[in-house]
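Comments concern the structure below.
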Amino acid sequence: MQRNHTHDPAAASWLPTANAAGCDFPVQNLPFAVFRRAGSDEAFRGGVAIGDQVVDLAALAASTGLAGLAREAAQLCARETLNDFLAMGPKAWQALRHAVFALLEQDATPDMVSIARGCLVPMDAVEYALPNRIGDYTDFYTSLDHARNVGALIRPDDPVSPNFRWMPIAYHGRASSIGVSGQQFHRPMGQAMPPGATAPVYGACARLDYELELGVHVGVGNTQGKPIPLAQAEDHIFGICMLNDWSARDIQFWEMNPLGPFLGKNFATTISPWIVTMEALLPYRQAWTRTADEPQPLAYLDAEGNRQRGALDIQLEVALQTAQRQNNGDAPARLSRTSFRHQYWTVAQMLTHHTMGGCNLHSGDLLGTGTISGPSPDQAGAIIELTRGGSLPLTLEGGSGTQEKRRFLEDGDSVIFRGWCEAPGAARIGFGECRGTVLPAGAWG
Ligand code: CA
């Protein structure tokens with residue numbers, strides 16, 4: 001895939017809000033979601049973000065604004081999930097992106113502008129659903145800095161397991177409890193072994209955490225027994241969202257030896273509604289490198305294209321809104337900021353490794369990248385890292401001299417991720433928001 005006119009930083013839309021500085025959704029972005037008017041009984045259907053509006057793809061498919069492959073693609077986007085559209089593959093994804101770009105750019109003809117205007121729904125009046133029927137969800141563990149920070153709390157003498165530098169580590173996660181931004185969930189109950197105790201206790205999680213991750217939406221799957229070579233991996237990836245892998249640390253650390261995370265992770269996972277396509281992300285690719293003192297990847301995890309542009313410079317920020325801050329009218333407190341470019345393994349390497357033994361992926365499957373922590377302590381993507389296992393509480397400064405402390409998440413806390421990309425010679429594009437809220441335990445008493 002090559003950069004093209006849809007990436008031109010000089011391109012603008014006839015819709016003024018799309019051209020505003022700092023807008024997440026300029027005409028160069030055009031991410032996909034599934035939406036309907038909030039509170040309505042309309043069918044959910046696909047949409048594309050532009051400025052402060054959503055282009056209703058069901059309405060667009062029924063209009064005269066599209067033709068050929070783009071029209072066929074929009075017709076599949078009119079369904080309640082995007083799975084069938086994703087299965088069409090990169091040519092169809094590009095055809096629809098380019099056709100929507102042509103309708104929205106400032107040089108569009110008055111007829112095209114009129115058609116597109118008739119398909120707009122104000123973004124502040126919509127609600128979202130999961131964009132895909134997620135058959136399977138796999139969560140990776142691919143940040144060396146996160147592995148070092150958390151490993152140091154669990155195994156101080158050997159923080160990073162020897163396999164980490166040789167393969168993208170992962171476990172098979174739970175698809176049923178994935179929700180879209182705005183998700184609320186009850187603090188999980190479970191078993192934990194308190195420090196120094198000889199028997200576990202049952203109760204509400206006392207060490208609830210978030211994990212800052214990206215979600216990779218698989219576009220085209222593969223046949224069982226036919227692995228996807230690294231050089232072709234990105235043809236199978238539709239796009240990327242933000243993902244919060246909520247984690248009950250006390251439950252997780254007691255249960256995960258020997259078979260990995262289970263109840264400590266499977267109660268909720270939140271993803272942002274908008275999928276930013278791999279085509280939109282082209283200008284923000286960077287070289288993927290391994291320094292000479294690190295093991296070089298085995299041949300099946302190495303390809304020229306992956307070395308030249310495997311890394312993605314996606315800026316990410318975590319903020320916390322507490323009940324007290326909300327009541328006092330304080331803005332969410334920023335906890336950390338980092339970039340995905342620091343990740344030890346690329347999304348292409350994750351996908352290829354996943355299929356290498358013959359495992360088949362399906363359109364709409366979701367891969368979590370693993371927690372994204374950068375090299376410095378303030379770039380950590382989980383509160384357990386920021387507070388050194390809860391030993392150094394964070395101080396959240398509010399207005400009028402108010403303060404709060406946090407070792408882990410408390411009831412009523414909302415965790416908010418934001419993501420965006422900037423590069424010389426490219427527009428700024430954004431991912432919107434991924435928000436989830438902790439409710440008190442009590443679902444099970
Ligand atoms: Ca995770």
Side-chain angles (χ1 to χ4, degrees), residues 134 136-155 159-161 163-164 167-179 181 183 185 188 190 205 207-218 240-257 259-272 312 314 316 318 335-336 338-340 342-347 349-351 353-354 365-374 379-387 389 408-409 415-417 419 431 434-436 438:
I134 301 168
D136 278 300
Y137 160 53
T138 303
D139 194 25
F140 282 84
Y141 185 67
T142 61
S143 159
L144 181 58
D145 297 295
H146 173 69
R148 280 186 179 127
N149 295 343
V150 174
L153 298 170
I154 308 173
R155 298 173 301 273
V160 180
S161 62
N163 51 13
F164 182 94
M167 66 172 104
I169 304 290
Y171 64 96
H172 284 120
R174 185 74 195 167
S176 65
S177 53
I178 300 173
S181 182
Q183 186 177 27
F185 63 90
C205 167
R207 293 160 66 92
L208 186 62
D209 201 352
Y210 60 86
E211 288 190 340
L212 171 66
E213 305 195 17
L214 294 173
V216 178
H217 290 272
V218 174
I240 289 182
C241 66
M242 297 180 290
L243 182 151
N244 188 340
D245 175 26
W246 302 97
S247 298
R249 299 299 185 193
D250 40 1
I251 299 170
Q252 178 195 346
F253 289 178
W254 166 230
E255 75 183 357
M256 77 178 173
N257 182 22
L259 281 186
F262 183 39
L263 305 184
K265 298 278 194 176
N266 71 2
F267 53 94
T269 304
T270 309
I271 62 173
S272 55
L312 274 162
I314 300 174
L316 294 159
V318 180
L335 300 188
S336 66
T338 188
S339 165
F340 185 62
H342 302 300
Q343 215 75 350
Y344 198 81
W345 297 103
T346 67
V347 293
Q349 287 167 323
M350 293 177 212
L351 184 124
H353 183 67
H354 200 310
D365 282 356
L366 184 69
L367 313 181
T369 59
T371 306
I372 301 162
S373 294
Q379 293 174 326
I383 204 168
I384 193 172
E385 297 173 63
L386 295 171
T387 64
F408 289 94
L409 298 176
V415 176
I416 304 147
F417 298 164
F431 283 70
C434 179
R435 178 188 292 254
V438 181

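One-based numbering, in listed order, for ligands and for the atoms of each.
Aromatic ring orientation, Y210 versus F417: perpendicular (interplanar angle above 60°, classes split at 30° and 60°). Ring orientation note: the planes of F267 and F185 are tilted relative to one another, at an angle of 30° to 60°.
The Ca ion (ligand 1) is closest to atom OD2 of D245 (considering only N, O or S atoms). The Ca ion (ligand 1) is closest to atom OE1 of E211 (considering only N, O or S atoms).
Using modelled atom types, one side-chain atom of D365 and one backbone atom of D136 make a donor-acceptor pair closer than 3.5 Å.
A salt bridge is absent between R148 and E385; no separation between the charged side-chain nitrogens and carboxylate oxygens falls under 4.0 Å.
To the nearest 10 degrees, the Ca ion (ligand 1) sees OD2 of D139 and OE2 of E213 at an angle of 90°.
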